[in-house]
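Following this message is one structure expressed as C-alpha cells.
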Amino acid sequence: MSKDERRKVNEHSKDEQLEQFRTDNRGKKMTTNQGVRVSEDEHSLKAGERGPTLMEDFHFREKMTHFDHERIPERVVHARGFGVHGYFQVYEPMTKYTKAKFLQDPSVKTPVFVRFSTVAGSRGSGDTVRDVRGFATKFYTEEGNYDLVGNNIPVFFIQDAIKFPDLVHAFKPEPHNEMPQASTAHDTFWDFVANNEETAHMIMWAMSDRAIPRSYRMMEGFGVHTFRLVNEQGKAHFVKFHWKPVLGVHSLVWDEAQKIAGKDPDFHRRDLWEAIERGDEAEFELGVQMIDEEDEFKFDFDILDPTKLWPEEMIPVHIIGKMTLNRNQDNVFAETEQAAFHPGHVVPGIDFTNDPLLQGRLFSYTDTQLIRLGGPNFHEIPINRPVCPFHNNQYDGYHRMTINTGPVAYHKNSLQQNDPAPASEEEGGYVHYQEKVEGRKIRQRSDSFKDHYSQAKLFWNSMSPVEKEHIISAFRFEVGKVKSKDVRRQVVEMFNRVDHKLAKQIAVGVGVKPPEKDEGAKVTLKSPALSQENTIKTPLTRTVAILADTGFDDAEVSQVIKAFRKAGVIPDIISTALGMIKGDNGKEIEAAHTLQTADSVLYDAVYIPGGKESIERLKKQKAALDFINEAFSHYKAIGALSEGIDLLMSAAGAHSVSEPGVITAASGKAIDAFSKELIEAIGEHRQWERTV
C-alpha cells in the first residue's frame with residue numbers, strides 16, 4: 001500500500017464505512033425491518049374493533065419483539081460511558097522502537113473512537129461520583145484495530161486478575177440491599193481494602209482529586225500495564241502509555257462533585273458533547289515511558305506490577321503524538337454501548353508482558369463481549385469493524401453479517417489453494433515476541449510484588465498541602481460511612497503503614513483510636529509530576545456565569561464578553577427569567593439560564609456586571625446570593641464591576657473583595673485590565689490560598 005493510499009485509508013475509510021449504516025427517518029415512509037411499507041402504526045390487527053389481537057399481525061410482533069430486546073446487558077464495570085470520534089497523528093517515526101505502522105508516518109491521520117466512563121456505577125448513575133474513570137481508545141489502523149484500554153489512574157487495586165471478581169463484588173452495591181449506588185463508601189469495599197494490602201497505592205489515588213475530574217477533557221489517561229514495543233529487528237522495549245490532556249489535569253472539589261450529581265448527573269458527558277459541538281476539539285498528547293529489556297531489574301519496584309507506576313522523574317515520558325477528538329457520536333447505543341474494547345486487540349509492533357493482571361484481561365474481555373453483544377460476531381458491528389479487510393475461516397454464529405462465499409471454511413485446504421493463507425512476518429503477519437519462559441507451574445506471586453506501601457507513600461509525599469487535605473477529607477467521608485468499627489480500625493492501621501500523620505487524621509474523623517506507633521513507609525522521595533498543582537493551566541474552554549438582570553451595564557458586559565471569547569472562555573448569561581433582558585442603554589441580551597435552572601457548581605467562574613437596577617433586582621434573589629457565595633467557597637474566580645461589588649459583598653462578605661481570585665474594579669474605565677486579570681484567575685482553576 002502506497003503512502004497516499006495509506007493516508008486515504010486512515011483518514012476517510014472509517015467515516016465512509018459508518019456512512020452506509022447511518023439512517024435519517026425524516027421524510028421517509030415507515031417500513032418493517034424487512035422493508036415492507038407499514039400502513040398503520042396506531043392499532044394492532046384485531047378480529048373486530050373490540051376483538052382479540054391476531055397472531056398474524058407481523059408488524060406488531062416485530063415491533064414488540066424488538067422493543068423487548070432493545071436493552072443489552074450493561075457492562076458489569078464501566079457501564080456509565082460516553083464516546084467521541086477523532087484521529088491520531090504521530091509526531092515523528094517511531095521506527096527505532098516499533099514496527100506498528102500507525103506510529104510511523106506523521107502525515108497519516110488514524111481514526112479513533114474513545115469511550116470515557118466511570119467504573120463502579122450503573123448506566124443511570126451520576127458522572128461526578130468519586131471513582132476511577134475509564135479511558136479506552138480504539139485505533140482503526142491499516143493493520144487492524146488496536147485498543148489501548150486504560151484508566152485515568154496509572155495503577156490498579158490488585159496485582160492478579162484472579163482477584164478482579166472479588167474486587168468488583170466488594171465495591172458494587174452490597175447484595176443484601178443493593179446499596180449504595182456508584183459509591184465505595186460502604187463496609188464491603190473497605191473490608192476488602194483492609195484485608196488486601198496491595199490496594200494501598202490505588203486507594204491513595206482514589207481518595208485524591210484524581211477521582212473527581214473537572215472534565216473528561218481535563219484528565220490524564222494511562223495504559224496501566226507494562227507492554228512491549230517491538231521493532232523490525234525484533235528488539236523490544238518495555239513501555240507504559242500516557243495520554244496528556246492539552247488543557248491540563250484538573251478536578252472538582254468534593255462538595256461541588258456531590259451537588260453536580262444532583263443538579264446535572266450528565267455533567268461530564270454534557271461538557272464533552274457541547275465542547276465538540278461548538279468546535280472546541282479535545283486534545284491529548286500520547287506519551288511513552290520506555291525501559292530497555294536489560295534494565296528490567298534495576299529498579300526498586302517490579303516494572304510488571306500493576307500497582308506500581310514508573311516515576312516520571314526517573315523514567316521520562318516522551319511525547320510521540322497527538323489525538324484530536326472532534327466529532328460526536330450519532331447514536332449512543334449503536335456506538336458507545338456496542339463498542340467492544342479489548343487489551344488483546346494489538347497490531348504488529350505492540351506486544352504483551354507477564355503482568356498477571358494484564359494476562360487475565362486478555363481472557364476476560366472476549367468472554368465479556370460474548371455475553372453482552374450476543375455472540376462471537378461483535379467485530380461486525382459498525383463501530384467495531386476494522387477499516388482494513390479481514391479474512392478467516394470463522395463462520396456463522398449470532399448476528400453474522402459477512403456473506404462468505406465458496407465451500408471452504410478450514411485450513412489447510414487445496415480446493416481454494418489454501419486461501420485465506422497465513423501471512424509471513426515480512427507480509428505483516430503478527431508474530432509474538434519470543435520471550436524465553438521457563439519455570440514450574442505454581443500458584444504464587446513473585447516476592448518483587450510484595451511491597452505495597454512505598455509508592456503509596458511516594459504519592460502522599462508528592463501532594464501539595466491542599467491535595468493532602470482533600471485526601472484526608474475523602475478518607476473521613478468514605479470510611480466514616482462504614483458501619484463496622486472493626487473495619488474502620490483495620491483501615492486506620494493499614495494506612496498507618498503508609499503515613500503516620502495521615503492515619504492519625506483519618507482516625508480522628510472516623511471514631512477510631514489514633515495509632516501510637518509510627519509504622520509509615522520510610523520513603524522521602526517525591527514525584528512532582530503526580531501533583532495536579534504542577535499541571536498546565538489555561539482559561540481555554542472554561543465557563544463563566546454572568547449574573548445580570550434588567551438594567552445591567554450593557555457597554556461593560558459587551559466589552560467583557562468580547563474579551564472572554566477572545567481568550568477562549570465560554571460566557572453564559574443567567575438571570576431571573578429566560579429570554580431577552582434590557583441593558584441600561586435599551587439594548588437586549590438573551591439569558592440562556594435562570595437562577596433556578598443553573599447553579600454555580602456548573603461553572604468555572606462568576607462575573608457580576610454593574611448596573612444599578614440589575615444589582616438591586618438580584619439582591620432580592622436569595623438564589624443569586626447563594627450562587628455567588630457557593631462559587632466563593634469553592635475557590636473559583638469571581639469578577640465584579642462597579643455596583644456588582646455590592647452584590648458580591650452582600651453574598652460573600654465584605655472581606656471577599658480582598659481575597660485571591662476575586663477581581664474587582666470600581667469604575668468601568670478599567671474594563672480591559674479587569675478582564676485580563678479575571679481571565680488569568682479563571683485559568684488558574686482554583687484559588688486555594690483563599691480564606692473560606
> So, Lys163 and Asp166, do they make that salt bridge, N to O below 4.0 Å?
Replying inline: no

> Under 3.5 Å, is there a donor-acceptor pair between the side chain of Arg80 and the main chain of Ser125?
Replying inline: yes

> With His242, which of Glu220, Glu285, Gln289, His318 fulfils side chain to side chain donor-acceptor pair (under 3.5 Å)?
Replying inline: Gln289

> Is the shortest side-chain N to carboxylate O distance from Asp187 to Lys483 below 4.0 Å?
Replying inline: no

> In terms of heavy-atom contacts, does CD1 of Ile536 have more than 12 from other residues, nucleotides or ligands at under 6.0 Å?
Replying inline: yes

> By side-chain hydrogen bond (donor to acceptor under 3.5 Å, both in side chains), which residues pair with Lys263, not counting sequence neighbours?
Replying inline: Asp599

>> Using a 6.0 Å cut-off, check whether atom CZ of Phe363 has over 12 heavy atoms from anything other than its own residue.
In response: no

> Around Tyr398, counting heavy atoms of other residues, nucleotides and ligands shown, do more than 12 lie under 6.0 Å from its OH?
Replying inline: no

> Taking NZ, NE, NH1 and NH2 as the nitrogens, is one of them in Arg71 or Glu74 under 4.0 Å from a carboxylate oxygen of the other?
Replying inline: no

> What is the minimum heavy-atom distance between Val119 and Asp131, and which atoms define it?
Replying inline: N-OD2, 2.8 Å

>> Between Lys308 and Glu198, does any NZ, NE, NH1 or NH2 come within less than 4.0 Å of an OD or OE carboxylate oxygen?
In response: no

>> Quick one, Asn145 with His345, criterion side-chain hydrogen bond (donor to acceptor under 3.5 Å, both in side chains). Give me CA distance, side-chain angles, the key distance, then yes/no.
In response: CA-CA 6 Å; Asn145 288 354; His345 292 164; 6.0 Å; no

> For Lys235, does the NZ atom have more than 12 heavy-atom neighbours from other residues, nucleotides or ligands under 6.0 Å away?
Replying inline: yes

>> Check Asp604 with Arg214, please: is the shortest side-chain N to carboxylate O separation under 4.0 Å?
In response: yes

> If you count the non-hydrogen atoms of other residues, nucleotides and ligands that lie under 6.0 Å from CD in Glu689, is the total more than 12?
Replying inline: yes

>> What I want to find out is whether Glu293 reaches Lys298 closely enough, with some N-O distance under 4.0 Å, to be called a salt bridge.
In response: no

>> What I want to find out is whether Arg372 reaches Glu337 closely enough, with some N-O distance under 4.0 Å, to be called a salt bridge.
In response: yes

>> Distance alone, cut at 3.5 Å: any donor-acceptor contact between the side chains of Arg497 and Tyr453?
In response: yes

>> Heavy-atom count check: over 12 atoms from other residues, nucleotides or ligands less than 6.0 Å from Ile72 CD1?
In response: yes

> What class does the angle between the rings of His470 and Trp688 fall in, given that below 30° is parallel, 30 to 60° is tilted and above 60° is perpendicular?
Replying inline: perpendicular

>> Can you tell me how the ring of Tyr97 sits relative to the ring of His237, calling it parallel under 30°, perpendicular over 60° and tilted otherwise?
In response: perpendicular

